[in-house]
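Below: the structure, in structure tokens.
Counting convention: from 1, in listed order, for ligands and their atoms alike.
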Amino acid sequence: MEHREHTKCLIVGSGPAGYTAAIYASRANLAPVLYAGLQMGGQLTTTTEVENFPGYPHGVDGNQLMVDLREQAERFGASIRDGEIVKANLGVRPYVVTTERGVEIETDTLIIATGASAKYLGLADEKKYNGQGVSACATCDGFFYRKKTVAVVGGGDTACEEAMYLAGLAKQVYLVVRKPFLRASEVMQKRVRETPNIKILFEHNAVGLFGENGVEGVHLVKRMGESDEERYDLPIDGFFLAIGHQPNSDVFRPWLEVDEVGYIKTVPGTPRTTIEGVFAAGDVADPHYRQAVTAAGSGCQAALEADRYLQRAGLK
Ligand code: NDP
């Protein structure tokens, strides 16, 4: 081990939830330590313009927003560090977490704000056209496809919601579904079917993208692997993935209650987990809203809860 240190409040994750928790915790004199994780700034750094974060009437660059949040947290004394938490022991007090470099940190309170990662199909073209027509967030990027043609991949509730959202902006939405049916709830299915500019392509797989300047189309395979398999190209301007999110909760799962997907369970309306002094904020505990502003709100709640817990426990 390199060394061991102690803190009153450790925050894991550097998205809107983590940074907002750091702003509140540092202003409450908790001298928080924040580990940023593999993707400093979180999911918003993979989008371009953020137009729905309150306070920015003309939008804000996703990266800039995260830089600003970080600066705001540092201004009040949060110690923000590169590095990932790879191990946790929440069975002792203070809790002990370990970084990938082997640094052990004892902490009286822990705020888990590790977010979730959108799942991708794993196509090389998804990386090639990242930010140039490929997106995993319709509410973030949909606006850029006004009156254009887009494809949404997936057949669950998220895909249907994204398709509905995009249908309000785009000229035409194709929903690319690998099975002959949708998995989404009945009500969502009905809405999608009744929306005139959504066309569902059942039994279709997207296998590649093409285009000179960004995405201009998708290579599709109908009834892949069957004797009547059919391959064709569909012109589109935007390609949206909606095949699910994976909450980044692996490190903490042995200790905390999670749902069947891995989202950390909290006491409804609060960031409290099943362990006192351990809080979960933002997308890692939110399968429903997954917005920057809701994540920031729950980060605030987590820091307020951590402060109250420390006071109650006589640790402040
Ligand atoms: P789901 O896991 O429900 O659906 C994922 C969809 O993506 C499925 O249609 C699946 O196909 C498809 N898919 C997965 N991998 C691939 C792949 N490699 N290629 C092609 N298609 C693929 O995820 P969601 O994000 O939609 O929903 C997660 C949970 O959140 C659900 O419980 C959902 O009900 C809930 N939710 C609720 C909402 C609401 O109530 N308003 C809104 C959004 C989500 P297949 O069916 O073939 O496996």
Q: For the pair His219 and Phe210, name the ring-plane relationship: parallel under 30°, tilted 30 to 60°, perpendicular over 60°.
A: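 Tilted, since the angle between the ring planes falls between 30° and 60°.
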Q) Do Asn248 and Ser117 have side-chain N/O donor and acceptor atoms under 3.5 Å apart? A)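 Distance-only check passes for Asn248 and Ser117.
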**Q.** Residue pair Asn130 / Glu126, side-chain donor-acceptor N/O under 3.5 Å
**A.**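 Short answer, no.
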Is [atom] touching the protein, meaning some protein heavy atom lies under 4.0 Å away?
atom                    : result
atom 40 (O) of ligand 1 : no
atom 4 (O) of ligand 1  : yes
atom 29 (C) of ligand 1 : no

Does [X], backbone or side chain, put an N or O under 3.5 Å from an N or O of ligand 1?
X      : result
Arg183 : yes
Thr158 : yes
Gly156 : yes
His245 : no
Gly155 : yes
Arg290 : no

Among protein heavy atoms, which lies nearest [atom], and at what distance?
atom                    : result
atom 19 (N) of ligand 1 : Leu121 CD2, 3.3 Å
atom 47 (O) of ligand 1 : Arg178 NE, 2.8 Å
atom 7 (O) of ligand 1  : Ile243 CA, 3.4 Å
atom 36 (N) of ligand 1 : Asp157 CB, 3.7 Å

If I compare all heavy atoms of [X] with all of [Y], which pair ends up nearest, and what's the gap?
X      : Y      : answer
Ile198 : Leu175 : CG2-CB, 4.4 Å
Glu106 : Pro94  : OE1-CG, 3.7 Å
Ala206 : Val218 : CB-CG2, 3.8 Å
Ala73  : Tyr19  : CB-O, 4.1 Å

(Q) Check this for me: does any side-chain nitrogen of one of Glu186 and Lys190 sit under 4.0 Å from a carboxylate oxygen of the other? (A)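 Salt bridge between Glu186 and Lys190, a charged N being under 4.0 Å from a carboxylate O: no.
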Q.
Regarding Arg223 and Glu229, does a basic nitrogen lie under 4.0 Å from an acidic carboxylate oxygen?
A.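 Not counted as a salt bridge, because no side-chain N and carboxylate O are separated by less than 4.0 Å.
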Of all the atoms in ligand 1, which lie at a distance below 4.0 Å from a heavy atom belonging to [X]?
X      : answer
Lys179 : 45 (P), 46 (O), 47 (O), 48 (O)
Glu161 : 39 (C), 41 (N), 42 (C)
Gly244 : 23 (O), 25 (O)

Q. With the 4.5 Å side-chain cut-off for hydrophobic clustering, are Val207 and Tyr129 part of the same group?
A.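 Shared cluster, no.
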